[in-house]
Amino acid sequence: MNIVVLQGTLSRPPEIRSTSSGDVISYEVTTRPAEGGPAATAPVAWSQPPKAAYTLEQGDSVTVVGHVRRRFFRSGGSTQSRTEVVADLVVSTRRKAQLATVFERVLAELETAAPV
């Protein structure tokens, strides 16, 4: 099972790329452990996002639900790779009711996949 839930802050302005299949918004989400310690930053890509995705800005607190993907591409004559979170949903953490629905959905997926 490949489910990721990140809760953190957008650490740079979102980047929007137009592709033949629609827009892709890229975010950098910085998470910090509750008990202190070093922060971690994860790249997030969201394909064909809803209009609300375009209103998120650097510094916003968000929750991301998605999966991890490692993709390979050619650049400068060599093969490169990038590991990123592919978002199914990105929600402002201020939207408490929507967050509750998101977490219920994640728990349902985990329960469905749990071995009997």
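In this text the structure is predicted, and so the values were computed from the model without any measurement. The figures that follow rest on heavy atoms only: side chains count, while hydrogens, waters and symmetry mates do not.
- Placement of Leu10 and Val86 in two distinct hydrophobic clusters is found when ILVMFWY residues are connected by side-chain heavy-atom separations under 4.5 Å, directly or transitively.
- The two residues Ala52 and Thr55 make their nearest non-hydrogen contact at O-OG1, 2.7 Å.
- Proximity of Val90 to Thr63: side-chain heavy atoms (C-beta onward) are nowhere separated by under 4.5 Å.
- For the 3.5 Å distance criterion, the side chains of Thr79 and Arg74 qualify, holding a donor opposite an acceptor.
- Residues Val68 and Phe72 fall into different hydrophobic clusters, defined by Ile, Leu, Val, Met, Phe, Trp and Tyr side chains chained together at heavy-atom separations under 4.5 Å.
- A search for side-chain contact (heavy atoms from CB on, under 4.5 Å) contacts involving Val102 returns Val65, Leu89, Val91, not counting sequence neighbours.
- Separating the CD atom in Gln7 from the CZ atom in Phe103 is a distance of 5.0 Å, to the nearest 0.5 Å.
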I'd like a table of donor-acceptor pairs (distance under 3.5 Å, sequence neighbours excluded) in which one partner is a side-chain atom from residues 32-50, with atom names and distances.
residue	atom	partner	partner atom	Å
Thr41	OG1	Thr30	OG1	3.0
Gln48	NE2	Ser21	O	2.3

Side chains of residues 22-29: which donor-acceptor partners sit under 3.5 Å, not counting sequence neighbours?
residue	atom	partner	partner atom	Å
Asp23	OD1	Ser18	OG	3.0
Asp23	OD2	Tyr54	OH	2.7
Ser26	OG	Arg17	NH1	2.9
Tyr27	OH	Ala53	O	3.0
Glu28	OE2	Arg12	NH2	3.4

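- In this structure, Thr9 and Asp60 have side chains that are not in contact, with every pair of non-hydrogen atoms separated by 4.5 Å or more.
- Atom CZ of Arg71 and atom CD of Gln80 lie 10.5 Å apart (nearest 0.5 Å).
- For the atom pair Arg69 CZ and Arg82 CZ, the distance stands at 9.5 Å (nearest 0.5 Å).
- The two atoms that bring Gln58 and Pro14 nearest to each other are N-CD, 4.2 Å, heavy atoms only.
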